[in-house]
Asks: 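Before I ask anything, here is the structure I am working with.
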Amino acid sequence: MTTVEQQAGLVGEGVDRVDGPLKVTGAARYPNDFGFPELAHAALVRSTVSAGRISRLDTSAAQASPGVLAVITHRNAPTLGHAPDTFLSAPPPPLQDDRILHYGQDVAVVVAGTLEDATAAARRVEVDYETAEPVLDLHDPRAELLIDPYESDVVRGAAEAALASADVRFEATYTTAGNANSPLGLFTTVAAWDGDALTVHDSTQWPGGLRTALARVFGVPESGVRVLVPFVGGGFGAGLRVWPHVILAALAARTVDRPVKLVLTRPEMFTGIGHRTATEQHLKIGATQDGRLVAIDHESTTTLQMVGDNLEPCASYSATAYACPNVSTRDRQVRLNITWCNSMRGPGDAQGNFALESAMDELSYELGIDPLDLRLRNYAEIHPQLGLPWSSNALRECYEVGAERFGWARRRPEPGSMREGDWLIGYGLAGVSFFWFQKPCQATATLRADGTALVRSAVTDIGTGTYTVMTQLSAELLGLDLSQVTFELGDTDLPPGVVAGGSGLTAGLGSAVHAACRNLVRAFLDTVRDDPTSALAGCAADEVSVGRGRIHRTGSPEYGESYTDILAAHGLPELSARGASAPNDPQELGLAPAGPFGARFVEVRVDPELGLLRVARVVSVIDAGRVLNEKTATSQIIGGTVGGIGMAMFEDLITDPGSGRIANATFGDYLIPVNADVPDMQVVFVGRPDRFNPIGVKGVGEIGLVGMGAAIANAVHHATGRRIRSLPITIDQLL
Ligand code: MOS
């Protein structure tokens with residue numbers, strides 16, 4: 001059997017989304033499009049303070065409100081189990097005590113026959129608090145400090161000594177604001193019980209994780225819990241965890257013995273589904289006069305909620321971005337009375353990259369070396385920490401192709417030297433080395449008597465194009481037309497699937513689909529092995545190829561048989577096979593697993609009198625290994641870039657310093673980029689198929705965001721001479 005790599009070029013055909021017609025006709029069903037007969041509705045009551053205890057709770061007015069079925073608080077809620085920690089810890093189950101740890105914490109859920117009645121009654125729940133002084137500031141001496149919470153700190157060589165003796169030293173502090181994930185689809189849970197069996201529609205990125213969690217929380221068998229999510233409505237990381245409102249919807253349904261729907265309001269989306277942590281990062285870099293890095297010292301402190309964890313290292317990426325002999329990276333977290341910190345597209349890397357790539361730009365000025373040249377002089381030819389060759393790395397090509405497409409050579413080095421009318425023009429760039437992430441996954445593939453195939457796994461398509469690329473991949477591996485393959489997902493009755501997170505879904509799921517399809521071809525070969533009339537009798541899997549609905553001897557297409565003929569000849573209605581994937585071991589393979597790489601080139605225009613900042617052009621060159629679908633992959637980079645513009649110039653989740661209230665929890669107050677903020681964007685893919693997984697892919701879901709912060713800040717400096725070390729870059733910083 002020929003491999004995918006032999007069959008195809010680097011970039012797969014840019015086919016349209018297979019689920020496109022469903023989406024544009026409104027037939028795609030998102031979690032809040034689902035209901036059940038006798039559906040009741042739930043509304044949340046949230047804490048108005050950020051620290052302390054509930055001192056008084058009066059639910060009598062709410063109970064007496066029209067249509068109310070139940071008011072559940074910590075006083076009458078049953079004891080709930082704790083969901084198991086995965087790569088992210090689960091928030092503790094809600095309504096278990098009177099403690100308040102953050103603003104917007106759920107303190108009651110009201111269930112009624114209609115949403116209007118539930119919402120009206122929720123306003124009549126009276127709650128008083130014994131308020132404690134909240135810990136809200138990163139520098140508050142009362143705040144608990146966690147050292148190396150992810151066990152990811154890196155010590156290579158002796159950074160301190162190397163800094164002390166370096167020709168040139170550079171040192172600065174960078175900060176980034178908290179950001180809110182803000183998917184368009186309001187997070188929704190619809191829950192229905194039948195005895196101890198629970199069916200849930202939910203805006204999750206990981207149906208399997210949610211199923212396990214709900215079984216544990218409610219103490220019911222996991223086999224009876226079914227999670228359905230054919231379409232998500234956006235996630236960006238917000239759907240990775242099992243949030244309290246999901247548990248409350250299921251608890252409400254169990255309490256009133258009716259199916260219940262809970263849809264978060266937009267303000268609740270700002271407090272209930274996590275946010276990108278704020279950071280303060282201190283960087284020291286030492287270099288020789290000719291621009292060779294001799295030391296990097298990166299210490300990052302990020303915010304963290306009061307309980308549980310948040311896997312979001314920022315500094316450790318600086319250990320693998322460049323060839324540098326002496327490195328110290330230190331990640332720290334500070335516990336505050338804030339809403340949950342949680343992954344948001346490019347978690348950790350987005351903030352860490354801003355600091356490192358800004359500092360590299362600053363160093364380039366100190367040395368008088370072009371910023372692009374400085375990066376190439378310190379290029380990491382092998383993985384700097386593991387000392388192994390990369391499974392793939394085309395970062396150099398990203399820089400070279402990007403510089404060419406962007407016209408980097410036209411850049412005049414002196415800041416403020418490029419102008420057009422009132423506008424100062426700035427060119428900036430950033431390199432990106434994104435992390436690698438892969439988790440085990442399973443899939444099944446079935447060929448039916450009509451020659452069509454059904455391929456399945458309990459994953460989600462969070463809008464990234466999973467339905468489409470897995471249909472393409474399956475069709476290619478089985479030798480079928482796209483129209484003959486259906487990919488099914490979003491149902492925990494399907495084989496256990498990987499989380500749609502960490503840009504790791506396509507590699508994990510694609511590898512499982514690869515295994516399932518290969519096993520299916522083997523199952524057909526097994527069927528005809530002893531059949532003297534078959535042209536494939538006795539053939540081994542590595543002796544055949546597939547195409548046009550047939551298996552044939554490689555190099556001899558005339559010696560083959562169609563799937564449908566084999567099924568018919570053997571009286572079989574269909575054949576199925578299962579496939580499983582797991583990440584390879586770097587040492588065994590002798591390869592360092594590589595995430596995607598990228599170079600971001602940005603042109604900004606700044607009106608110095610008005611403090612106006614516009615991004616004029618972005619050229620992104622990405623090494624994502626093999627790209628299964630150029631169209632959907634390009635969309636991922638464009639979408640990520642818009643998110644990066646948001647992080648760089650707009651998004652700032654503001655916590656009121658006295659009360660801990662989130663002060664801008666609406667789309668009127670929390671700024672995100674609109675079309676007018678988004679310029680012409682060019683996306684180019686370069687590189688070779690990656691060698692760490694059998695289908696050669698690397699994730700594209702997150703890298704599009706990373707690097708935009710530094711590229712824009714570096715361009716602003718080039719335009720104006722002003723160095724901005726704090727995101728978002730706002731008008732007041734430019735005046
Ligand atoms: Mo992503 S932040 O791992 O959904």
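Order of listing sets the numbers, starting from 1, for every ligand and every atom in it. When a residue number appears, it is its place in the shown sequence, counting from 1. What you see below is based on every heavy atom in this structure, not just the backbone, and it leaves out hydrogens, waters and symmetry mates.
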Asks: For ligand 1, which part of M344 has a heavy atom less than 4.0 Å away: the side chain, the backbone, both, or neither?
Replies: backbone

Asks: I need the nearest protein heavy-atom contact for atom 3 (O) of ligand 1: residue, atom name and distance, please.
Replies: G502 N, 2.5 Å

Asks: Below 4.0 Å, non-hydrogen atoms only: which portion of P347 touches ligand 1? Side chain, backbone, both or neither.
Replies: side chain

Asks: Answer yes or no: does atom CD1 of I147 have more than 12 heavy-atom neighbours from other residues, nucleotides or ligands under 6.0 Å?
Replies: yes

Asks: Under 3.5 Å, is there a donor-acceptor pair linking the side chains of E702 and S503?
Replies: yes

Asks: Can you tell me if Y317 and Q351 form a side-chain donor-acceptor pair at under 3.5 Å?
Replies: no

Asks: Side chain or backbone, does L240 bring an N or O within less than 3.5 Å of an N or O on ligand 1?
Replies: no

Asks: Does Q205, backbone or side chain, put an N or O under 3.5 Å from an N or O of ligand 1?
Replies: yes

Asks: Under 3.5 Å, is there a donor-acceptor pair between the H275 and T339 side chains?
Replies: yes

Asks: Applying the side-chain contact (heavy atoms from CB on, under 4.5 Å) test to V499, which of L240, V459, T460 qualifies?
Replies: L240

Asks: For atom 1 (Mo) of ligand 1, find the nearest protein heavy atom and state the residue, atom name and distance (0.1 Å precision).
Replies: E702 OE2, 3.1 Å

Asks: For the residue pair N629 and Q472, confirm or rule out a side-chain donor-acceptor distance under 3.5 Å.
Replies: yes

Asks: For ligand 1, which atoms, with element, lie under 4.0 Å from some heavy atom of R345?
Replies: 2 (S)

Asks: Show which atoms of ligand 1 fall inside a sub-4.0 Å distance from at least one heavy-atom site of S343.
Replies: 2 (S)

